J.: 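Let me begin by handing over the structure; questions about it come next.
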Amino acid sequence: MHETEHDLLKVRRDKLHLLREEGIEPYGERYIVTHQAENIVVEFPSLEESKEEVSIAGRIITKRGHGKAGFAHIQDITGQLQVYVRLDSVGEKQHRLFGILDIGDIIGVRGHVFKTKKGEITLWVKELILLSKSLRPLPEKWHGLKDVELRYRQRYVDLIVNPRVKDVFIKRSRIIQAMREYLNEAGFLEVETPMMHTIAGGAIARPFITHHNALDMQLYMRIATELHLKRLIVGGLEKVYEIGRIFRNEGISTRHNPEFTSVELYQAYADYHDMMEITEGCIAHIAKKVLGTYKVAFQGQEIDLTPPWERITMVDAIRKHTGVDFAPAGTTVEARKLAEGLGLEVDKDATRGTIIYHVFEERVEDKLIQPVFILDYPIEVSPLAKRREDDPDFTYRFEAFIVCSEIANAFSELNDPVDQKERFEYQLQQREAGDDEAHMMDEDYVQALEYGLPPTGGLGIGIDRVVMILTDSPSIRDVILFPTLRPKE
RNA sequence: GAGCCAUUAGCUCAGUUGGCAGAGCACCUGACUUUUAAUCAGGGUGUCCCAGGUUCGAGCCCUGGAUGGCUCACCA
């Protein structure tokens, strides 16, 4: 084995054959596990006293042989535990097995626990069983796996060797669980609506297109859950939510993945003020439940999620951060002058509303570190939101920002079918003029509104971004197990 | 889609002015019954991302390409 052949994979395959020759099956069966690494540490005092036999299974992470004895650390989902294997305790066959084992192999061990001279809680092995032979070497224990591309492409390896990564995804699961808890507790009904749409609606975005063979028709992967959920409000379900994957055929960045997870919820007889309470209440509940605190550190900044969050209208936010007040600028011409005064370029066919939105994006968004609700978006950029009664240029819509990231988008839903149809028709004109992101006409949705949508508050939260903030992750790829990548070759 | 950067052993990384491809860990052989980044003695295991070019000679210089990261654009 040692002359010329040093290939790491070959060595492990040879060991596989050696094991079979020794009568040891390298791929074992069900193994009864009485404890996990963490339980053993927690219950150590009583386990030590009783000499009770425990069994644990996991992957070998380190291994140190000492002739007739040896140590290894095995890792399960809760952490690591040292095991001590000596010839006179396990017998010759299992001792020889220990010698053949590699880092990465999955084993089951049974024995009692004790503390070594150096004080480490350790399992004194009486029985050692190979559960699965690993044929590939793991990355180095000390530096771990750093290569970002490998970490994303081979997330399973990343999870094995980088404990923080496992923590992030366990937290992600708990975050979503806490969100469900909060919404269920508040009386919301979880529903599932189609992911394949004949009309991609509910947002302004470019969809993925697919095809159904039997029906010979084009389908779109959903870009939002909005329109189906509001149909359910028409149907009388009153409080519904859906947590699920959304697909948008757009750019990829540290904040955008082509598929991402959102929660959208709709509540009959509510408005966007109720949605603000749900947003801050839900996020704060999650933080408390998962992290035990309302104060989280994100990339060195302390973020305080304690409700209530600041509420400020878009126009006031612009005045606060730039000193320029757009409220008195009642016309497009006046608004344009103010924007240009701030050094911004203004599009030819911009309107007062799109100018205000543009100024907000360019001059305010990147200053919104602490949680804040930006209220009252211009009508032009809010095709599904209800128009303000006192100021028809604006809508009852808000977005929530934390560390410059848009976390939530909500509004008092437009429930006037005639107004809705007109807005779709406007979008249709934009589409015919070449804007392939403009909203498609959804006749059935308009018809649903004609049956009567009660006054409704609606809210969408980008779950990936919430997870980013709560796990101090600078890239969305750090909170998505398998982010979208090009194939290697 | 554009700009900048990266790609060398299984992993983490060095690599000088263009002159024989390097280290640590991992791995292999041997010793060792409480070690723990175990130790001791020995062993370098490679498509230097790919394809061309310049050159007596390319990991290094030039051109094109691939993948990834960051920034920008689009967007949530």
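Numbers restart at 1 for each chain; the letters A, B, ... are given by sequence-line order, proteins then strands. Only heavy atoms go into these numbers, but all of them, side chains included; no hydrogens, no water, no symmetry mates. Quick caveat: nothing in here was measured; it's all calculated off a predicted structure.
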J.: State whether A:Tyr377 and A:Arg397 meet the cation-pi test: NZ (Lys) or CZ (Arg) under 6.0 Å from the six-membered ring centroid, and within 45° of the perpendicular axis.
T.: yes
J.: Are OP1 or OP2 of B:C27 and a side-chain N or O of A:Lys15 less than 4.0 angstrom apart?
T.: no
J.: Less than 4.0 angstrom between a side-chain N/O of A:Thr254 and OP1 or OP2 of B:U71, yes or no?
T.: yes
J.: Would the distance check show the side chain of A:Arg248 and the main-chain N or O of A:Pro258 forming a donor-acceptor pair, the cut-off being under 3.5 Å?
T.: no
J.: Return the set of residues passing side-chain hydrogen bond (donor to acceptor under 3.5 Å, both in side chains) with A:Ser173 (not counting sequence neighbours), or none when no residue passes.
T.: none
J.: Starting at the 5' end of RNA chain B, which residue's closest nucleotide do you reach first, A:His143 or A:Trp124?
T.: A:His143
J.: Say you pick atom P in B:G1 and the same atom in B:U39; how far apart are they, in whole Å?
T.: 50 Å
J.: Using atom CZ of A:Phe114 as one end and atom C1' of B:U34 as the other, report the distance to the nearest whole Å.
T.: 6 Å
J.: Would you kindly give the CD-to-P distance between A:Gln299 and B:C70, to the nearest whole Å?
T.: 12 Å
J.: Could you check A:Lys68 against A:Asp88 for salt bridge (charged side-chain N to carboxylate O under 4.0 Å, His left out), going step by step and ending with a plain yes or no?
T.: CA-CA 8 Å; A:Lys68 296 191 175 65; A:Asp88 57 11; over 6 Å; no
J.: Could you list by number each residue of residues 51-76 of chain A showing a heavy-atom separation from RNA chain B of less than 4.0 Å, or answer none if no residue does?
T.: A:Arg64, A:Gly65, A:His66, A:Gly67, A:Lys68, A:Ala69, A:Phe71, A:His73
J.: Could you tell me how far B:U54 sits from B:U16 if I compare only their P atoms? Round to whole Å.
T.: 24 Å
J.: Heavy atoms only, 4.0 Å cut-off, all strands: where does A:Ile246 land among base, sugar-phosphate and nothing?
T.: nothing
J.: Any donor-acceptor pair under 3.5 Å linking the side chain of A:Arg222 with the backbone of A:Thr193?
T.: yes
J.: What I want to check is whether an N or O donor and acceptor connect the side chain of A:Thr116 with the base of B:U36 at under 3.5 Å.
T.: yes
J.: For RNA chain B, which residues of residues 365-384 of chain A approach it to below 4.0 angstrom with any heavy atom?
T.: none
J.: Any donor-acceptor pair under 3.5 Å linking the side chain of A:Gln299 with the backbone of A:Asp472?
T.: yes
J.: Against the six-membered ring of A:Tyr272, is A:Lys386 placed for a cation-pi contact (under 6.0 Å from the centre, within 45° of the normal)?
T.: no
J.: Indicate, with yes or no, if the rings of A:Tyr84 and A:Phe98 have centres closer together than 6.0 Å.
T.: no
J.: By the 4.0 Å heavy-atom rule, please label A:Phe260 as base, sugar-phosphate, or nothing.
T.: base
J.: Please report, rounded to the nearest Å, how far the P atom of B:U67 is from the CD atom of A:Gln154.
T.: 18 Å
J.: If the cut-off is 4.0 Å, is A:Lys141 near the phosphate of B:A26, judged by side-chain N/O to OP1 or OP2?
T.: yes
J.: Restricting to non-hydrogen atoms, name the atom on A:Cys404 and the atom on A:Ile369 that form the minimum distance, rounded to 0.1 Å.
T.: SG-CD1, 3.8 Å
J.: How long is the span from the CG atom in A:Leu131 to the CZ atom in A:Arg59, to the nearest 0.5 Å?
T.: 11.0 Å
J.: Classify the ring geometry between A:His228 and A:His197 as parallel (under 30°), tilted (30 to 60°) or perpendicular (over 60°).
T.: tilted
J.: Going by side-chain contact (heavy atoms from CB on, under 4.5 Å), name the residues that satisfy it together with A:Glu43, two or more places apart in sequence or in a different chain.
T.: A:His35, A:Asn39, A:Ser46, A:Leu47
J.: Going by modelled atom types, is there a donor-acceptor pair between the base of B:G69 and the side chain of A:Glu149 at under 3.5 Å?
T.: no
J.: Mapping A:Arg486 and A:Lys146 onto RNA chain B by nearest heavy atom, which one lands closer to the 5' end?
T.: A:Lys146
J.: NA contact type, A:Gly462, heavy-atom cut-off 4.0 Å: base, sugar-phosphate, or nothing?
T.: nothing
J.: Measure from CD1 on A:Ile461 to P on B:A76 and round the result to the nearest Å.
T.: 16 Å
J.: Quick check against the 3.5 Å criterion: does A:Thr78 have a side-chain atom that pairs as donor or acceptor with the backbone of A:Glu38?
T.: yes
J.: Within the 4.0 Å heavy-atom criterion, would you say A:Glu406 contacts the bases, only the backbone, or no part of the nucleic acid?
T.: sugar-phosphate
J.: In which ranges does RNA chain B form stems of 3 or more consecutive Watson-Crick or G-U pairs, distances under 3.5 Å?
T.: B:1-7 with B:66-72, B:10-13 with B:22-25, B:27-31 with B:39-43, B:49-53 with B:61-65
J.: Write down the distance between CZ (A:Arg136) and P (B:A26), rounded to a whole number of angstrom.
T.: 20 Å
J.: Do A:Glu140 side-chain and B:U12 base share a donor-acceptor contact under 3.5 Å?
T.: no
J.: Once you round it to whole Å, what is the distance between P of B:C70 and CZ of A:Arg255?
T.: 12 Å
J.: Do A:Lys367 side-chain atoms and A:Arg363 backbone N/O form a donor-acceptor pair below 3.5 Å?
T.: yes
J.: Is it true that, when you exclude A:Met195 itself, more than 12 heavy atoms of the residues, nucleotides or ligands shown sit nearer than 6.0 Å to its CE?
T.: yes
J.: Please report the distance, rounded to the nearest Å, between CG in A:Asp7 and P in B:G46.
T.: 7 Å
J.: Considering only heavy atoms, which members of residues 77-99 of chain A lie under 4.0 Å from some atom of RNA chain B?
T.: A:Gln82, A:Tyr84, A:Arg86, A:Asp88
J.: Calculate the interatomic distance between A:Ile252 atom CD1 and B:A2 atom P; express it in whole Å.
T.: 15 Å
